[in-house]
Structures are given as C-alpha cells and as structure tokens.
Amino acid sequence: MFLLFALITIIGALAMSQQKNVIVAGLCMVLTFLGVAGLFLMLSNPVAAALQVIVYSGAIMVLVLFTIMLLNSHEEEPAIQSRPIQRWVGALLIAVFGAFAFRIVMGSKALVDINTLADANTAVRPMEAMNLAKVGEEIFRHYLLGFEIVGLLLLAAMVGAVALTKKEL
Amino acid sequence: MLAPSFATGLWENLSHDIHYIWPQILLMVSGLLMLWPLDSWLLPWTKAEKHKWAIPTMAILLLSLAISVYTPNGLGFSAMYKVDGLTKGFQVLCILASIFAVMLSQKVLGALFEHTAEYYALILFATSGMLFMCGAVDLVTIYFSIELMALCIYILVAYLRNQERGIEAGMKYFLLGAFSSGILLYGISLLFAATGGITTNLTELNQKLAVVSQDKSLLVYSGALMVLVGLCFKVAAVPFHMWSPDVYDGAPTPITAWLATAPKAASLAVFLRIFGTGFHSISYEWEAPLMLIAGATMILGNVAAIKQQSMKRLLAYSSIAHVGYMLLGVLSKDAQAGAQAIWLYMLLYLFMNTGAFAVVIYLQGKNEGERIEDFSGMGKRHPVLAFSMLVFLLSLAGIPPFIGFFGKFYLFLLAVEQGYTTLVVIALLTSAVSAFYYLEVVKQMYFKEPAEGEVAPMDSYSKFLISTTCAVVIIGTAFGPQLLKWTDDIRWFEKETPAAVMEFPNK
C-alpha cells in the first residue's frame, strides 16, 4: 500500500520534470499531489489528506493551469542544453541521495508498522487519527504565535502582489 | 461544549504572554493602519504629501526600539518565543538598520516619485518578522518568521517595478529564496522525525538529539546539514551566495544597504540560537561543514570583490566576506562569547556599511556612484564626503586605528582561543586582500583627476546619516578597547542555556 502511493508520487514527479509540454507537466503534478494525499491517509491523518486534495490538487493546480493558459506559452520551447558534465554530476548526486533515502525508508520501523496495519489490520493503531478539532486546538493553543505570524505573512504577500502589479499606486 | 472554554483559553494564551511581543505588535498594527484607513482617508483629507509617511515610520521604529529594550526577560507562547540578551541585542540592530534604511530612502524615492505607504508598511512588516526571528526558540516560529521577513524583502527588492534590473533581481531572489526555504523546511522535518516527532522546541530538541539512536544518525546528519544550508542562503555564505551580487545590484540602493545589515543580523541571531543552543549536542555533525563554509566565504567574498567595477557589487561581495568573519563567532563553543563578538561586529558593521551606502546614494542622485570610476577625484570635489568615505572604507577593511579593527580583533581573538587557528589565518590573509580593493576606491578618490560634474546639494537625511555614522566610527575608535567590557554585562542567554551546554559537552 505504502509502496503504491510512494510510486505514484515519484512517477508523477519524474514525469513532470521530464515533460516538455507545460500543461501535461501540470497534470503530472496533480498525480504527485494525489500520491502525497494517499501517504497522509496512511499516516492516519485524513485532515492533511483532504487539504492536500482540495487545496493543492484542486485550487492551486487550477490557478497554475489558468496562468499557463492565459500566458499562452504552451508551445514547446527548445530546451537549452546544459553542459553534459552538469547533467552527469546531477544524476550521480541524485542516485547517491536516492539510494540513501531508499535505505532509510526501507529500513525504518515505521514502514513495517504501516504495512502490518494495512495488510492484516491486527495490530493496534499506532496513533490516533488526526481530526479537525485537534488541529484547531494545536493551532490556537500551542502554535498560536506561529499562526499569528502566518496571518501577517499572508497579508504582506497580498500587499506585495498588489504593489507589484498595479500600474500606478 | 468547547466553545466558551476554547475562546477564553485562546484569549488567555494571547494576553498572558503578550508583553513579550509589544514591539512587534506595534510595528504590525501601525503597518496595517498605514495601509488602509490612514493612507486612503487621512492623507487626502489633510492634503499631506505621500512622503510624509517617512517621519511617522521612523517615529514608530524608534518607539519599538525603546519598547524592545525594556521588554522583560522570559519565555512565552508555549515556549515558542524567548526574550533574553540575545533577543534584545539583535532586535536593536534590526530596528536601527530599518531606521537607517527609511532615512536613506527619502532621496531615492523622491527622485523616482515612488513614495507610497506600501513601501513603509512592508519595511515595518519585515522588521517585525526580524524581531520574531531574534526571539524565536522553536523551529516552527523560526521558519515562519524567516518567511515573513523574506517575503517582504522579495517585494522591496523588486519595488522599482519599471526598471528591468529590479524585477530581475526580485525574481532571482524569490525563486532561489523559495528553493532554500524548501531545503530548510525539509531539514527541519528530518530532524523532527529523527527525534521521534514530538517536539520542535530547540532546548528539547537538543536533549533529544544527544541521545538519538545510531540508526538515525544519517537522518540527523542530513537534517542538520539542510538546516545549515537553508540558513547559509539567508546570510549569503559561499557557496550559497550566488543571488547576492545580482540582488544587491538590482535592488533600490537604500534597500541594498538594509539587505546587507538587517536580515543578516536577524539570521545570525537564528544561527546563534540554532547552533548555539538547539544543535549544540550534535556539534560534531555541523562543525566541519560550517568551518568549510566560513573559510570559503571569506576567501571567495574577498577575492571576487577585487575584480568588481560596480560599487554596489563591491559592497555586496564585501558583505559576503564580513559574514564569513562572523561565522567564526557561530563556531565558538562558548556561545556567550560568540554572541557577544558577533553582536559587536554587527553593530560596528551596521554603522560603517550604512555610511558607505549613504555616500553611494548621494552620488547616485547625480547618476553617479554606480561605478568605482565615479569616485575619481572626489577628494577635490567633495572633501568632506571623500573623507567620511575614507573612514568607512578603512574601517570596513579593519585597519587599526578605526573601529572596524576592534570588531575584527575580538572576533579573531575568540576564534584563536577556541582553537580555529587555520580559519583565523585565512581570515587575516583575506583581510589583507580586502584592504586592497577598499584602498583601490580610496586611490580613485584622492589620486585621480576629477571627472566633470557640478556639486549637487545633499538632502538633510543623508547629510545627517553620513555625519552621524562617521562620527560614531571616529569617536568609537577612542572607546574601542572598552567595548568588550561594556557588553560583558549583557547576559546573552538565559540561565537554562549554559546548563544545557554543560550537560552535553562537545566531543
């Protein structure tokens, strides 16, 4: 189960980076987001999964696709060939990093727990499912200061967007 | 069932610790008011000019400076925010830098007719983000406040949106900044996972990291490294400095002066927080990479500056090099002494750097000052200006009689005491290199024939700023030897930190 979602995520990401057509690349990104949503579900966090589907694969992707189509630049552009040495070094680094990540993931105890949980349903759930009420409690109690800062951050982003795009202030 | 208790709980949470963050609240609220009711209603009503916002902004910043000095020490918001000597010290630096930036902005914005409330509001928001950064002791608050500061700065860099250079700089900064934030966040999540996914609080993380099991060491290592990389990007340390010359060159010059000081001060406070308290127990993981980064930063920053033709790029590379020196203080095993040396250095650097930029901005008013050749013959054309520039440059180079020397001296002395002899040798050699390119400008000023050009009047703010910073640098020289003694009294970290340090001695 875990491997399925992980593969969906990784294949989506790889396909996106290889894709020359921007719109298809955007759709591949949706695939990645859905895979991540599945991973959140397996971590018994349906709130994050729902948010992932609604916000990322829904709202943000619509925005991205709209922008791409409005900008009207979906003709294929000849990619600028980077120097081969850079490509090889990059590939090597990715391979090394990927191998390490794979080792960590496959060797971790949590993966075993998740798999037994999904397959047999015998084990006790390792953690309680996250629900909205709990998220709210956490945000407004423990992480209150962070929440306030994020509020200001969003406001600043809005002001900036207006300030940068308006013809005359 | 939940509703009333939840609401009261929320109110209690907010009001209980609110006295720690009054300076930030003041900045936020006044920024908000400035944006909406005051700008659209009050200004047309009073028929005031748009640039009148500068004086209220400075007043607000000064007020928050005063409040931040008198904030009581303590820990609040479920151990997310802490006020201690480190917080206050670096908050003062950030606010001072913002005040200088507002002062420097007057002439530049006035010439381009770009005076808006948004500009000042964004400076206020970014400053409040920096103030949060100085006091944040939880990875969540640290990350969010870094983002708050960075986002406002992206916008301010691209603020002159009719100039292609500014837009390009803003775009570059934004993309690379988003990328580095991703790396920082990834590192934070790896460390969070390695310690069992329970806490993001730095003190608790320190204790948990010390006893983390062997099979997770790779996780801890990559996490700590990624956090280091993310932060190094923010202070533009080599090899994560690529954005900095372009951004410094393209941004409006007052913003460049601000970029070289305020965000760096705040980021160094975070550096000290994270690597001084948070990851102290795993210092063997990040010590070697940080040493490499510090060495590379000093060498590349100084060597690359030699070839520069543009004054802003030269100052950009010189600020990279200065960050390299300051990273020596982060490496110090004695967090107290490290914070003290960095704070002193940053304070002195703030004055020297702002002064140098003020001179550049003055010359820019006449479409000069961008290139180093524009300084030729300034000794004859503007003797006073040239003299103050001489003082700033010599001080930046750390040549003995001037105050910059004392900052460097204390920092290097500390590094030698801590056993980083190789790095100090590099630092001394690269300081000699830096004297070369600073003196190149001096040579242009005093030994070259002046280009044609008439004397333009200075606006009162830059005149004031140049003369004050110059006076501080010169007068401060006399008190240089006492500086360390005065700052000895500041207790940078509250009591719990030395205890934590003692508990987990270095390997």
Checklist outcome for this item: The salt bridge (Lys or Arg N to Asp or Glu O under 4.0 Å) partners of Glu168(B) (sequence neighbours excluded) come to Lys172(B)
Item to check | Residues Leu32(B), Leu155(A); criterion side chain to side chain contact (heavy atoms under 4.5 Å, CB included); working and verdict | outcome: CA-CA 9 Å; Leu32(B) 278 176; Leu155(A) 179 86; 3.1 Å; yes
How long is the gap from [atom1] on [X] to [atom2] on [Y], to the nearest 0.5 Å?
X         : Y         : atom1 : atom2 : value
Leu152(A) : Met28(B)  : CG    : CE    : 4.5 Å
Ser145(B) : Leu153(A) : OG    : CG    : 10.0 Å
Ile149(A) : Glu147(B) : CD1   : CD    : 11.5 Å
Glu138(A) : Ser78(B)  : CD    : OG    : 9.0 Å
His142(A) : Asp138(B) : NE2   : CG    : 6.0 Å

Checklist entry - Does atom CZ of Phe147(A) have more than 12 heavy-atom neighbours from other groups under 6.0 Å away? => result no
Checklist entry - Taking non-hydrogen atoms and a cut-off under 4.5 angstrom, which of residues 182-195 of chain B neighbour chain A? => result Tyr186(B)
Next on the checklist: Applying a heavy-atom distance below 4.5 Å, give me the residues of residues 19-26 of chain B that approach chain A, sorted by number.
Outcome noted: Ile21(B)
Item to check | Part of Ser222(B) lying under 4.5 Å from any heavy atom of chain A | outcome: neither
Item to check | Which atoms of Phe77(B) approach chain A - backbone, side chain, both or neither, heavy atom under 4.5 Å | outcome: both
Checklist entry - Can you check side chain to side chain contact (heavy atoms under 4.5 Å, CB included) on Phe132(B) and Leu145(A), steps first, answer last? => result CA-CA 10 Å; Phe132(B) 275 124; Leu145(A) 189 65; 3.7 Å; yes
Item to check | Contact winner vs chain B - Gly136(A), Ala161(A), Ala156(A), heavy-atom pairs under 4.5 Å | outcome: Ala156(A)
Checklist entry - Of all residues at least two apart in sequence or in a different chain, which pass the ring-ring contact (aromatic ring centres under 6.0 Å, His included) check with Phe174(B)? => result Tyr154(B)
